[in-house]
Amino acid sequence: MADFLQQLNESQREAVIYNDGPSLVIAGAGSGKTRVITYKIAYLLKNGISPHSILALTFTNKAAREMKVRVTEIIGENMTRLLWIGTFHSIFSKILRREASRIGFYSDFTIYDKQDSKNLIKNIIKEKKLDDKIYKPTFVQNIISKAKNALITPKQYANNCDLIEQYNQAQKAYILYDIYLTYSNRCKIANAMDFDDLLFYTYLLFNECKEIAQKYWNRFQFILVDEYQDTNFAQHEIIQQLTIEQHHRICIVGDDAQSIYSFRGANISNILNFRSIYPESKLFKLEQNYRSTQTIVNAANSLISKNREQIPKTIYSQKAIGEKIRLTGFYSDYEEGSRVANCIAEMHMLKKYEYKDFVILYRTNAQSRIFEEALRKLNIPYKIYGGLSFYQRKEIKDVVAYMRLASNLADEEAIRRIINYPNRGIGDITVNKIIAAASFHNTILWEVLSNPLSYNLKINAATFEKLKKFQLLINRFVEKVSTQNAYNAGRMIIRETGLINNELYEDQTPENISRIQNLEELSNSLYTFVSSRIEEGNANIKISDFLAEIFLLTDQDTDKNENINFVTMMTIHSAKGLEFKNVFVVGLEEGLFPSELSKQNLQEIEEERRLFYVAITRAKENVILTYAKNRFQNGQFHDRLPSRFIKDIDEQYLSLPSKSHVCTNSGGGGSFKESSLINHQNNQSNIGDLRIGNKIRHKRFGDGRIVALIGKNDNAQATVEFEQVGIKQLLLKFARIEMINDD
DNA sequence: CTTTTAATATTTTTT
DNA sequence: ATATTAAAAG
């Protein structure tokens, strides 16, 4: 037992072994935060706490999975199987499915994704004949989301003077209330919850059913929360519901400097106020960074010190001083892309880094494209995270909508999506009649659609027949879904929706081929899902079980090739918690990073600065910052200035490409082109290990042998005799060559 | 009711 | 540039 505690430093160990009451662990970037949580869980288990009574909450499935793996490594699988480690959303949806009847839902409720919920809001606005220029669906969606995150019910919303004040006109506030109320009712009738509902209803459940709350607070004798700075008000309150009235055994871990989700309702004051809520709580600070060089840590400190709101702490590193942070500007986004790609190729070749040692971090997903092209040109393997996840692809969502409907006939958004896809002659007019009748009679769409005559639907005989046919098709699916396992039922649905034959098989465009492959992939994952559950001893796995699982999956969770060596590309947001040897932070421009939209107020600028802090602190060895003076965005070219955040970093940690001021636009351009991303500290660096006589391979010219090496630094050139194309002079700075074995 | 065409809005970050 | 929506033609 003492053994595994030896692997911790003094302050980590103190945090791990204190378990008598609430504790707050402020953990700087790279200070072993996950380590503390996992060791604490192991420590608790070794001290006789039952795994059944420990709850650990994270923000991503990936973090949860990793945590479980690491606890298992310390303490063995038998103990960890019963642990509840998961995201807020997945743990709460598990609880809600168990207790669904208490709050007027059925346990197989659908989870509406953002698109579903936006569509529903859009339809409600239309049905109420409101002007969607004033009540923009996205805006209304945000209002509703904020209300739920603040635990405000529609009823409370109506009476909330602050809000009425805020919208300046009672009229508008009232209409928003009305939409919110209708939206809530429609979701309930559809037996559906959106992401916010998973938190909101959990709170209501615990609040209104004391005996249920009691059941869970008795059960969870110890609660751990990771990334507490990212909790919103609802999450914060639920945690308190589970701990405050009884045992107070809660440990929260976080770093206020890494709070980057306020747009999603995260509230930094949750972590700042923790100590006043639990006055007896103990505070632990983890200040030693084990990840990055001193230069990186110091540079990050100098950056974050420009923010006002923060818990004081001194993050330090005892690793090597390390290289300075490199900063380079380019003429265009295009040049930025190709030079970053070249730099990766060069560092890969000359400095013996593997591709997986690199990450390119950007502010917006849209920036990935240029880097993707540049890397592909150089044949560098890469993987882009984010963007469209597998389950958000159209063809997958279509089939999944059939599955959703078959296992929850109340699902309004699923019906709307597929009632006329593939085309079966049931258009908007008919659908709107059905919806009108359904909301008039306060019933589900399916009910009206199945008995159009008893609801006095004004449709002609032909439409009646079409509805009948649709109804029969779905009924067959329903039957299959309730009798067969997920795989068999899913296969049948994929086959018989007719999507493959009608829509996709017609012409063999690459897009269609990939869509069909995706459907096969879906069928494969159904198979894996069912068989892995059977291994765990649960036979009889239904489509609804599968759906419950995939609703909360994101792109990062569907990753299959973990082991392959590739350059990673992702947004800074999704990079949180990860680390890489070399980090490129690209697009450091005013209007992009910080984003144009965040320039309104200081708080948002501070959040963007924290985001930059997160980006820099991902790096173990090198940070390379780039910006473009001109960028193509939203269909046009924009001149761009370097980001204000660049000058927030203490200059002593930066290595500039030239003496010109990087933060003004008066640099005269010329200096940018000559700058190289690589620090050429010695004459040999471009030549690297190349020697006369070495055999090399060039992407375009093929194989060849070096006959001469001349020049130094950026001018280093090699004369190469190629087998196919004869003698060529190559400027090593740009040449894409690799050494190959001579045999 | 569907398909085609033209116009218009839209983009930050995500469980 | 792309996606979504409205209008017009079939």
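Protein chains get the first letters and strands the later ones, always in sequence-line order, with residue 1 at the start of each. The structure presented is a predicted model; accordingly, all values stated were derived computationally and were not measured.
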Review point. Which one, dT15(B), dC1(B), dT12(B), comes nearest to the side chain of Thr60(A)?
Key: dT15(B)

Exercise for review: Can you label the angle between the Phe206(A) ring and the Tyr216(A) ring as parallel, tilted or perpendicular, going by 30° and 60°?
Suggested key: tilted

Review point. The side chain of Thr364(A) lies closest to which of these nucleotides: dT2(C), dT12(B), dT11(B)?
Key: dT12(B)

Exercise for review: Using a 4.5 Å cut-off on heavy atoms from C-beta on, say whether the side chain of Thr110(A) contacts that of Glu413(A).
Suggested key: no

Practice item. State plainly whether the residues Glu608(A) and Lys599(A) are in salt-bridge range, i.e. N to O under 4.0 Å. Key: no

Study note, to complete from the structure: Leu588(A) atom CG is separated from dT13(B) atom P, nearest whole Å, by 16 Å

Review point. Lys114(A) has an atom NZ; how far is it from atom C1' of dT15(B), in whole Å?
Key: 10 Å

Study note, to complete from the structure: To the nearest angstrom, the NZ-C1' distance between Lys122(A) and dA6(C) comes to 13 Å

Review point. Under 4.0 Å between a side-chain N/O of Ser598(A) and OP1 or OP2 of dT12(B), yes or no?
Key: no

Exercise for review: Check the distance between dT5(C)'s P and Lys136(A)'s NZ and give it to me in whole angstrom.
Suggested key: 14 Å

Exercise for review: Name the nucleic acid region contacted by Ile426(A), choosing base, sugar-phosphate or nothing; use a 4.0 angstrom heavy-atom cut-off, strictly under.
Suggested key: sugar-phosphate

Study note, to complete from the structure: Symbol by symbol from the 5' end, with Watson-Crick or G-U pairs under 3.5 Å, [ ] crossing and | another strand, DNA chain B is ||||||||||.....

Review point. Any side-chain N or O of Thr430(A) under 4.0 Å from OP1/OP2 of dC1(B)?
Key: yes

Exercise for review: Could you label the plane-to-plane angle of the Phe645(A) and Phe593(A) rings as parallel, tilted or perpendicular, counting under 30° as parallel and over 60° as perpendicular?
Suggested key: perpendicular

Revision key, fill the gap. Taking dT13(B), dC1(B), dT15(B) as options, the one with an atom nearest any side-chain atom of Asn365(A) is dT13(B)

**Study point:** Nearest to side-chain heavy atoms of Ser574(A), which nucleotide of dT12(B), dT14(B), dT15(B)
**Key:** dT14(B)

Point to revise | Pairwise 5' ranking along DNA chain B for Gln235(A) and Glu604(A), keeping only the more 5' one | key: Glu604(A)

Practice item. Check the geometry between Phe263(A) and dT14(B) and answer yes if their rings are stacked (centres below 5.5 Å, planes below 30°), otherwise no. Key: no

**Study point:** Given DNA chain B, 5'-ward residue of the pair His89(A) and Ile429(A), judged by closest heavy atom
**Key:** Ile429(A)

Point to revise | Nearest-nucleotide pick for Tyr261(A), side chain only, options being dT14(B), dT15(B), dT12(B) | key: dT14(B)

Exercise for review: Please examine the side chains of Asn630(A) and Tyr331(A), heavy atoms only from C-beta on, and report whether any two atoms are closer than 4.5 Å.
Suggested key: no

**Study point:** P atoms of dT4(C) and dT13(B), separation to the nearest Å
**Key:** 15 Å

**Study point:** Contacts of Trp446(A) that satisfy ring-ring contact (aromatic ring centres under 6.0 Å, His included) - sequence neighbours left out
**Key:** none

Exercise for review: Sequence neighbours left out, what passes ring-ring contact (aromatic ring centres under 6.0 Å, His included) with Phe263(A)? Give chain and number order.
Suggested key: Tyr261(A), His573(A)

Check your understanding: Has Asn420(A) got a side-chain N or O lying under 4.0 Å from the OP1 or OP2 atom of dT2(B)?
Key -> yes

Point to revise | Whole angstrom value for the distance that separates P of dA3(C) from CG of Asn119(A) | key: 16 Å

Study note, to complete from the structure: From CD of Gln392(A) across to C1' of dA3(C) the rounded distance in Å is 15 Å

**Study point:** Phe59(A) CZ to dT14(B) C1', straight-line distance once rounded to whole Å
**Key:** 11 Å

Practice item. Describe, in one word, how the ring planes of Phe105(A) and Phe109(A) are oriented to each other, choosing from parallel (under 30°), tilted (30 to 60°) and perpendicular (over 60°). Key: perpendicular

Point to revise | Interatomic distance, Leu552(A) CG vs dT14(B) P [rounded to whole Å] | key: 16 Å

Revision key, fill the gap. Ranking dT15(B), dA1(C), dT11(B) by distance to the side chain of Phe632(A), first place goes to dA1(C)

